[in-house]
Structure formats: C-alpha cells, structure tokens
Amino acid sequence: MKRDIHLTVPGDFNFWNTVWSSGWCGLAPFSFDEERRALSRVQRLASGKIVNATMMERRKGVLTIRVESREELGEADAEEVEEVVEGCLRLDEDLSSLYALLGGYPEFSWVEETCAGRTIRSPTVFEDVVKTICSTNCSWALTKAVAGRLCRRLGERLSEEHYTFPTPARMASKTEEFVRAGYRSPYLIELARRVVGGALDVEAWRDSPLDSAVLKREIMGIKGVGDYAADQILKLLGRYDFLALDSWLRRRFSQIHGEGVKGSDGEIEGFYAPFGRWRGLVLWLDMTREFQIPKGRES
DNA sequence: GCGTCCAGGTCTACC
DNA sequence: GGTAGACCTGGACGC
C-alpha cells in the first residue's frame with residue numbers, strides 16, 4: 001500500500017541541507033538516496049503498522065512523504081507519520097536568534113542564506129542515545145554497521161532490507177552476545193533496562209527545565225556516555241551550549257583555522273565562545289561548511 | 001593471507 | 001583530580 005502525504009514546511013527550511021548536515025541520515029533505520037535527494041525511515045506506528053516513509057522536496061515549501069506499508073493506512077497513521085517527520089527534521093526549531101547573531105559575522109552570512117542550521121535527529125531520545133554510544137571510539141563505518149545490525153537483529157521487519165529501530169523493551173530482553181556492539185553491548189542493555197524499568201526517563205530530556213550543565217551531568221550518568229557523547233546528545237536535544245569535540249572536529253579545526261597545527265581544546269572553546277548558547281552549532285556549521293548546499297541548488 | 005594500527009571515547013584502577 | 005591501560009569491532013595498510 002502506498003500513500004502520499006504533503007507537508008508544508010517553514011520558509012527557512014532547507015530539506016537537503018538538513019538531511020546532509022550530519023551522518024545521522026546514514027544510520028539505520030534512516031537511509032538516503034543522494035541522486036534522488038530522498039531521505040527514508042522505517043517506523044513502527046502506534047497502530048502496530050510498520051511503514052517506510054520516504055521524504056522528498058519536489059517543490060519548494062512542500063515536503064512529499066511517500067508512505068509504504070503492507071497494510072491500509074488510516075488518517076491517524078498519516079498524522080503520526082507527519083509528527084515523526086516534523087520531529088526528525090526539527091521543523092519547529094526556531095533559528096531566528098542564531099541568524100540574528102550571525103548577522104554580525106560576515107564570514108557566517110552563508111548560514112542564513114542557505115537556511116542552514118537544522119540537523120536530523122531520531123523520533124526518540126532513546127534511539128539518539130544508543131546511536132551516540134555506538135559512535136564512540138570507532139570509525140563511522142563501524143557505527144553504521146552496528147546501527148544496521150541492531151535494527152536487523154532487534155527491530156521489526158517490514159521487508160528484507162527494512163527494519164525498525166529496536167524498542168527499549170526488545171533491547172532489554174537480549175543478551176550482550178545478541179546485541180553484538182562490542183564492549184558497548186552491556187552499556188546499551190543497561191540503558192534499555194533502566195528505561196523499561198522506569199528508573200530513567202530519557203524522553204523527558206527534550207522538555208527538561210534543567211540548565212544544560214545540570215542536564216549534562218544527568219546524561220553522563222549513563223554508562224558509556226562521557227564528555228563528548230553527553231555534548232552530542234545535548235545537541236540532539238536542541239541545546240548547543242557545549243562543543244562535542246571529537247577527534248574529527250579537532251583535526252578539522254586545525255586544518256581550517258590552525259594551518260594544520262593542532263590547537264588545544266581551550267583554544268577551540270575560546271574561538272567559539274562569542275557565539276554563546278549557539279557555539280556548539282556554529283562550530284559544527286563552520287566545520288561542515290563545504291558540505292552545505294548553496295541556496296538555489298536545492299530542488 | 002596475516003598482523004598491526006587506529007578510528008567521530010569511556011571506564012576503572014591506581015596514584 | 002589526574003592519568004595509564006584496557007576495551008569490541010572492522011577497515012586500511014604494509015609485508
């Protein structure tokens with residue numbers, strides 16, 4: 001069964017920039033088609049139906065979501081797909097104060113011109129935390145492999161190629177050998193069991209009233225989440241107070257601003273300090289600038 | 001084909 | 001509080 005949903009998007013939303021702005025688009029159950037400029041995601045709906053939603057911007061301002069399922073989709077299913085897409089693409093995120101701040105920096109004028117700044121996230125904080133843990137101390141290729149394996153082994157099947165992301169309950173019920181995420185396996189299972197048991201409510205973090213530094217300490221209470229991973233999770237929650245410096249960003253910063261000479265974390269912190277609560281996002285935009293799509297090239 | 005290194009870090013024991 | 005060493009995995013690289 002196929003159904004097309006048409007979703008109106010904000011004027012400052014650049015679909016492919018958002019998809020392409022980080023590696024999250026390549027972690028299962030997300031997948032992308034660069035040639036068609038399409039982003040897909042396999043998702044289990046509240047009704048129990050499993051769908052594959054493929055997003056494309058065929059005309060400016062309107063996102064077409066092609067939803068495929070083995071079953072007939074009702075209005076409630078369609079509305080849920082819309083909500084999932086809006087959440088993943090952060091359509092409700094207000095970047096006006098970032099654009100206003102960067103107005104004082106000509107070298108960043110391209111950010112507003114290209115409607116950059118949004119990055120993909122998962123429908124649940126649980127999924128984002130699991131993927132962040134899987135991204136530590138390994139190559140990106142391995143992160144993709146582990147995410148794909150988690151879906152195939154623990155997720156629900158739509159087709160041979162399409163599986164959902166595992167629920168906390170599914171992950172909590174498995175052994176370390178089954179999860180197969182290396183030394184991270186016990187961390188993932190412990191996280192899932194705490195979530196299932198109600199000891200940890202990671203979904204509440206998106207609306208947490210806590211100060212970012214306080215929330216960061218709470219996030220670091222998860223085993224396998226250290227300084228870098230906590231910063232990265234905060235970014236996925238829409239908080240950019242911290243830089244989430246990893247080896248790739250440090251190397252990249254030295255190439256762009258240090259003429260290849262490695263700078264200290266303190267120097268990098270100082271460089272982006274003027275951008276206040278947006279500094280983590282400004283760092284990311286600065287380091288990924290060449291990957292951003294110039295306005296006018298979007299389809 | 002095999003061994004080694006290392007990659008988008010974190011934990012723990014020890015000082 | 002600071003630091004060294006161990007840790008899964010798999011691709012890249014040298015031999």
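Sequence lines set the chain letters: A, B, ... in the order given, protein chains first and strands last, and positions in each chain run from 1. Here the structure is a predicted model, which means the values were calculated and not measured.
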#### Entry: Nucleotide opposite C/dC8 in a Watson-Crick or G-U pair, distances under 3.5 Å
none
### Task
Find the distance A/Leu249:CG to B/dA7:C1' and express it as a whole number of Å.
14 Å
### Message
Judged by each residue's nearest nucleotide on DNA chain B, which is more toward the 5′ side, A/Ser139 or A/Ala230?
### Response
A/Ser139
### Summary
Scanning all shown strands, the Watson-Crick or wobble mate of B/dG8 with both distances under 3.5 Å is none
### Query
How close or far is atom P of C/dT9 from atom CD1 of A/Ile133, stated in whole angstroms?
16 Å
### Query
Base, sugar-phosphate alone, or nothing: which one does A/Arg252 contact when heavy atoms must sit under 4.0 Å apart?
nothing
#### Entry: Check: A/Val130 and A/Met171 side chains under 4.5 Å, non-hydrogen atoms
yes
### Atom-pair distance (CG on A/Leu245; C1' on B/dG8), nearest Å
11 Å
### Task
Tell me whether A/Val42 is reachable from A/Ile5 by hopping between hydrophobic residues (I, L, V, M, F, W, Y) whose side-chain heavy atoms are closer than 4.5 Å.
no
### Task
Give A/Ala229 one of three labels, base, sugar-phosphate or nothing, depending on what nucleic acid heavy atoms sit under 4.0 Å from its own.
sugar-phosphate
### Query
Starting at CZ of A/Arg184 and ending at P of B/dG8, how long is that distance when rounded to a whole Å?
12 Å
### Task
Starting at atom CD of A/Gln255, determine the distance to atom P of B/dG8, rounded to an integer number of angstrom.
12 Å
### Message
Return whichever of A/Gly224 or A/Gly23 has its heavy-atom-nearest nucleotide of DNA chain B closer to the 5' end.
### Response
A/Gly23
#### Entry: Short side-chain N/O contact to C/dG10 OP1/OP2 from A/Arg149, under 4.0 Å
yes
### Task
Would you indicate which nucleotide in B/dG8, B/dC11, C/dC8 comes nearest to any side-chain atom of A/Tyr187?
B/dC11
#### Entry: salt_bridge(A/Arg289, A/Glu107) N-O dist < 4.0 Å
no
### Query
Reckon A/Val146 touches a base, only the sugar-phosphate, or nothing at all at heavy-atom distances under 4.0 Å?
nothing
### Task
Answer yes or no: is there a donor N or O on one side and an acceptor on the other, between the side chain of A/Thr119 and the main chain of A/Ser21, under 3.5 Å?
no
### Message
In whole Å, measure the gap between the C1' atoms of B/dG8 and C/dG2 for me.
### Response
24 Å
### Message
From the set B/dG8, B/dC11, B/dA7, return the single nucleotide nearest to any side-chain atom of A/Lys223.
### Response
B/dC11
### Query
Which residue pairs satisfy the ring pair (Phe, Tyr, Trp, His ring centres under 6.0 Å) criterion with at least one member in residues 145-169 of chain A, sequence neighbours excluded?
none
### Task
Please report, rounded to the nearest Å, how far the C1' atom of B/dT10 is from the CG atom of A/Leu191.
15 Å
### Message
Under 4.0 Å, counting only non-hydrogen atoms across every strand here, what does A/Thr136 touch: a base, just sugar-phosphate, or nothing?
### Response
sugar-phosphate
#### Entry: Rounded distance in Å between the P positions of C/dG5 and B/dC6
16 Å
### Distance between C1' atoms of B/dC11 and C/dG10 (Å, rounded)
22 Å
### Summary
Which of B/dT10, B/dC11, C/dG10 is nearest the side chain of A/Arg180? It is C/dG10
### Task
Could you state whether A/Val51 and A/Met56 fall into the same hydrophobic cluster, counting links through intermediate Ile, Leu, Val, Met, Phe, Trp or Tyr residues with side-chain heavy atoms under 4.5 angstrom apart?
no
### Message
Output the rounded distance in Å from CG (A/Asn137) to P (C/dC7).
### Response
13 Å
### Query
If we take the P atom in both C/dA6 and B/dT4, what is their distance in whole Å?
15 Å
### A/Trp140 over B/dA7, stacked by centroid distance under 5.5 Å, angle under 30°
no
#### Entry: Spacing between A/Trp248 atom CH2 and B/dC6 atom C1', to the nearest angstrom
18 Å
### Query
How far, in whole Å, is B/dT10 from C/dG11 if one measures between their P atoms?
23 Å
### Query
With respect to the side chain of A/Asp227, which nucleotide from B/dG8, B/dT10, C/dT9 is positioned closest?
B/dT10
### Message
Check A/Glu75 with A/Arg3, please: is the shortest side-chain N to carboxylate O separation under 4.0 Å?
### Response
yes
